[in-house]
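Residue numbering restarts at 1 for every chain, and letters A, B, ... go by the order of the sequence lines.
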2 protein chains.
Amino acid sequence: MVEQSREMPTLDEVARVAGVSRSTASRAINGQVYVSAKAREAVTNAVASLGYSPNLLARSLATKRTNSIALVLSERGDTVLADPFFARVLRGVHAGLSGSGMQLVLLMAQDEQAQGELGQYLCAGHVDGALVVSLHGDDPLPDQLASSGLPVVLLGRPLAKVDVPYVDADNSTGGELAAAHLVERGRRHIATIAGPRDMAAGIDRLSGWRRGMTAAKRRPAGVVHADFTAAGGAAAMRELLAAYPEVDGVFAASDLMAVGAMQVLREAGRRIPQDVAVVGFDDSELAETAVPPLTSVRQPIEEMGRAITLRLIAQINAVADQPSSVLLPTELVPRESS
Amino acid sequence: MVEQSREMPTLDEVARVAGVSRSTASRAINGQVYVSAKAREAVTNAVASLGYSPNLLARSLATKRTNSIALVLSERGDTVLADPFFARVLRGVHAGLSGSGMQLVLLMAQDEQAQGELGQYLCAGHVDGALVVSLHGDDPLPDQLASSGLPVVLLGRPLAKVDVPYVDADNSTGGELAAAHLVERGRRHIATIAGPRDMAAGIDRLSGWRRGMTAAKRRPAGVVHADFTAAGGAAAMRELLAAYPEVDGVFAASDLMAVGAMQVLREAGRRIPQDVAVVGFDDSELAETAVPPLTSVRQPIEEMGRAITLRLIAQINAVADQPSSVLLPTELVPRESS
DNA sequence: CTGAAAGCGCTTACAG
DNA sequence: CTGAAAGCGCTTACAG
């Protein structure tokens, strides 16, 4: 059992020391308006001398406001945390939270069973709202949460038609930019290493790339799906080289896959960009440190994290006229790989 | 204000539906022993039919146990989150937490002012304990927290002599291994890019490296301090090349610095490892994807995260005979850069 | 094994 | 502007 030697002062003691009632002490502490200057000062002094700090649990129980939101990683926690994407999201969430007085509770679905408990936990009123980072578009969690009345905002477009606001990057335009860029670089046989078919990011980047190819009147030279990892990108590149040896331009739907692909190209004796131009997606640190540095479609991940947070806070505070969902712009960052 | 349409059932309703008193319902739900089979079943059914889930806030207020611990990043949040180190720690913490029924509250010191509030928040009993990741060894926070009676475990050896248990990698042995390896590879002019002087990780890796050099009867060919970043590593390497052009072996105290150094070496026309062998520290993903792949000293970051978590939980539960502090082993992972 | 009661530390109508 | 009182939803001695 816990054995904490520290007895924190309570509101009652503050009131006693200040010589006012508990109600008045509470009002003074919360900066309410109907408090005499004299009472306010007495309370302020009492708070300082006692080192009082309100028990947020008790406050929450009384106000039904927890002043905390959950960041839910609806993926196997051990996997998703390996992804630098997540750290960037977290930075954005942190930025969005700053100054709001809200705390962040981090929740992860460890397995299918935990998934259910997670939903229950969230719906039981322990947080004021939830940010759900759901990489798989068909995740049932967002819908489950939202239908319980919990304010929820998603990072990433859900695949199913659920009535939950989301923030995503403009993946489709990003894919289009990549295609246009490779065309502009004079590439004649352009292939893509697409993301998974069950993730919006995979689907949207591919459809955008297809649109870009069509706009340039080009026939795609090959489409292979992979899982956004370096190993997956490498395997996909091997497949592409075998099936389309003439390939001279590749759009990989993630930097990690692009790096894997570049490794395979190098091993196959293809020079980058002279023989094959490569474009990634994310504009991660990986893109800068790759050899050669990787042209990549930038998505503003930190901003996305910040946006979902602000959006959620607004929803919790019932601020009217919130846009239901938002796509943040993507842009192409040219480097030496193309 | 919050407008949540969901009225969660309370313990009172469960008791009413089950036809027992609130006390009995509570006991049944908490799996206590003196409950008749009949009562237990009635409560179980009531819970299921109502979809009841206990309000953890109220429970915490009554039990004085929050069932949550804080992970405190005592650095500027926006900076520390950029470091992959952090994500790995988080994975470890997550692993350590799994099955404990505890939640993780993520706290970051945004600025000096927030630093004080943070301490107050933590000491005010909102969490059962705190994990502090304090990269700067002279951080006052750990001491402040511990002296308030809050269970605290540190990740990383503190520089000041504070009475707080910590878990760290055996940085010193790691540095020694790096020195021995470079010697063994036949290097004659071995330099190091050390970490900052005010961080235990910087100090310990350097002292270990020195010990290794001494053991091999070698004079260090140069010591330059940098800040663990790629840019810092690059600058340090330039400095080393200028001052010790004969350098043929470099131990960089982080992979990031090693990558920066390799970039500079390449620009200077030095081949790796033929002209200069490079060893990093962390064995991060960066080490594997570097060109050439980087020899690096592995530190078990995930395990460290897991260890601090288990240690903290034990302390919260007042489990006796806990080791005060622990160093986890480091090992050298040889790759092509040396 | 069970229930009535007090208590955890706050907030907030309500009456003055 | 202020205080007494009720209430937030739980747990836990205490007496039976």
Side-chain angles (χ1 to χ4, degrees), chain A residues 1-2 4 6-44 46-47 50-68 101 121 123-128, chain B residues 1-2 4 6-44 46-47 50-68 121 123-126 128:
Chain A
M1 291 301 101
V2 204
Q4 281 166 201
R6 58 226 161 74
E7 287 296 302
M8 297 306 294
T10 72
L11 185 59
D12 273 305
E13 297 173 53
V14 171
R16 190 163 39 72
V17 169
V20 300
S21 73
R22 196 161 32 140
S23 317
T24 298
S26 173
R27 280 188 284 256
I29 286 167
N30 291 298
Q32 286 182 29
V33 77
Y34 292 125
V35 182
S36 66
K38 192 179 146 198
R40 191 180 301 278
E41 199 190 321
V43 171
T44 306
V47 165
L50 290 171
Y52 171 76
S53 143
N55 181 317
L56 265 50
L57 259 49
R59 177 180 283 173
S60 294
L61 190 57
T63 60
K64 301 199 154 265
R65 257 271 221 175
T66 66
N67 288 309
S68 64
Y121 176 88
C123 294
H126 307 308
V127 292
D128 294 336
Chain B
M1 293 300 99
V2 205
Q4 282 166 203
R6 59 225 161 77
E7 287 297 303
M8 298 305 295
T10 72
L11 184 59
D12 273 305
E13 296 172 52
V14 171
R16 191 164 36 71
V17 170
V20 299
S21 76
R22 197 161 31 140
S23 317
T24 298
S26 173
R27 280 189 284 257
I29 286 167
N30 290 298
Q32 286 183 28
V33 77
Y34 291 126
V35 182
S36 65
K38 190 179 148 199
R40 193 180 299 280
E41 198 190 323
V43 171
T44 305
V47 165
L50 289 172
Y52 172 76
S53 143
N55 181 319
L56 265 51
L57 258 47
R59 177 179 285 172
S60 294
L61 190 57
T63 61
K64 302 202 156 263
R65 257 273 221 173
T66 66
N67 288 309
S68 64
Y121 176 88
C123 294
H126 307 309
D128 295 335

- Rounding to the closest angstrom, what is the interatomic distance between C:dA13 and C:dG9 at atom P? 23 Å

- Across the strands shown, which category fits B:Val33 at heavy-atom distances under 4.0 angstrom: base, sugar-phosphate, nothing? sugar-phosphate

- Message: Measure CG/A:Asn55 against C1'/C:dC10 and give the value in whole Å, please.
- Response: 7 Å

- Length of the line joining B:Arg59:CZ and C:dG7:C1', which is rounded to integer Å: 17 Å

- Query: At what distance, to the nearest 0.5 angstrom, does CG of A:Leu11 lie from CZ of A:Arg22?
  - Reply: 6.5 Å

- For A:Ser68, what residues pass the side chain to side chain donor-acceptor pair (under 3.5 Å) criterion, not counting sequence neighbours? A:Thr66

- Closest to the 5' end of DNA chain C, once B:Ala58 and B:Tyr34 are matched to their nearest nucleotides, is B:Tyr34

- Task: Could you grab the distance from atom OG of B:Ser60 to atom CG of B:Asp128, nearest 0.5 Å is fine?
- Result: 7.5 Å

Identify the pairs formed between an N or O of the protein and an N or O of nucleotides 12-16 of chain C at a distance under 3.5 Å, and give each distance.
{"residue": "C:dT12", "atom": "O4", "partner": "A:Ser23", "partner atom": "OG", "Å": "3.3"}

- When rounded to the nearest 0.5 angstrom, what is the spacing between CE in B:Met8 and CG in B:Leu50? 10.0 Å

- Nearest heavy-atom neighbours spanning B:Ala46 and B:Val14: CB-O, 3.7 Å

- In whole angstroms, how far is the P atom of C:dA5 from the CG atom of B:Asp12? 14 Å

- Measure from OH on B:Tyr52 to P on D:dG9 and round the result to the nearest Å. 10 Å

- Between D:dT2 (P) and A:Lys38 (NZ): distance, integer Å: 9 Å

- Query: How many Å lie between CD on B:Glu13 and P on D:dG9, as a whole number?
  - Reply: 9 Å

- side-chain contact (heavy atoms from CB on, under 4.5 Å) partners for A:Glu41, two or more places apart: A:Asn45

- Short side-chain N/O contact from B:Lys64 to OP1 or OP2 of C:dG9, under 4.0 Å: yes

- Message: Say we look at C:dT2 and C:dA6: how far apart would their P atoms be, to the nearest angstrom?
- Response: 22 Å

- Note on the structure: Residues passing the side-chain contact (heavy atoms from CB on, under 4.5 Å) test with B:Arg27, sequence neighbours excluded, are B:Ser23, B:Thr24, B:Gln32, B:Val35

- Item | Minimum-distance pair of heavy atoms, taken over all atoms of A:Thr10 and A:Tyr52 | C-CE1, 3.5 Å

- Rounded C1' spacing from D:dT12 to D:dG16 in Å: 16 Å

- Message: Among residues at least two apart in sequence or on other chains, which ones pass side-chain contact (heavy atoms from CB on, under 4.5 Å) with B:Ala42?
- Response: B:Ala18

- Message: Measuring from the side chain of A:Val20 (C-beta onward, heavy atoms only), which nucleotide among D:dG3, C:dG9, D:dC10 has the closest atom?
- Response: D:dG3

- Task: Could you tell me the separation between the CG atom of B:Leu56 and the P atom of D:dC10, rounded to a whole number of Å?
- Result: 10 Å

- Query: Which of the following nucleotides, C:dC8, C:dT2, D:dC10, is nearest to the side chain of B:Ser36?
  - Reply: C:dT2

- Task: Give, for atom CZ of B:Arg59 and atom CG of B:Asn30, the distance between the pair rounded to the nearest 0.5 Å.
- Result: 4.5 Å

- Item | Separation of D:dT11 P from A:Leu61 CG (nearest whole Å) | 12 Å

- The dot-bracket string of DNA chain C, counting Watson-Crick and G-U wobble pairs with both distances under 3.5 Å, using [ ] for crossing pairs and | for pairs to another strand, is |||.||||||||.|||

- Between C:dC8, D:dT2, C:dC10, spot the one nearest the side chain of A:Thr10, thanks. C:dC10

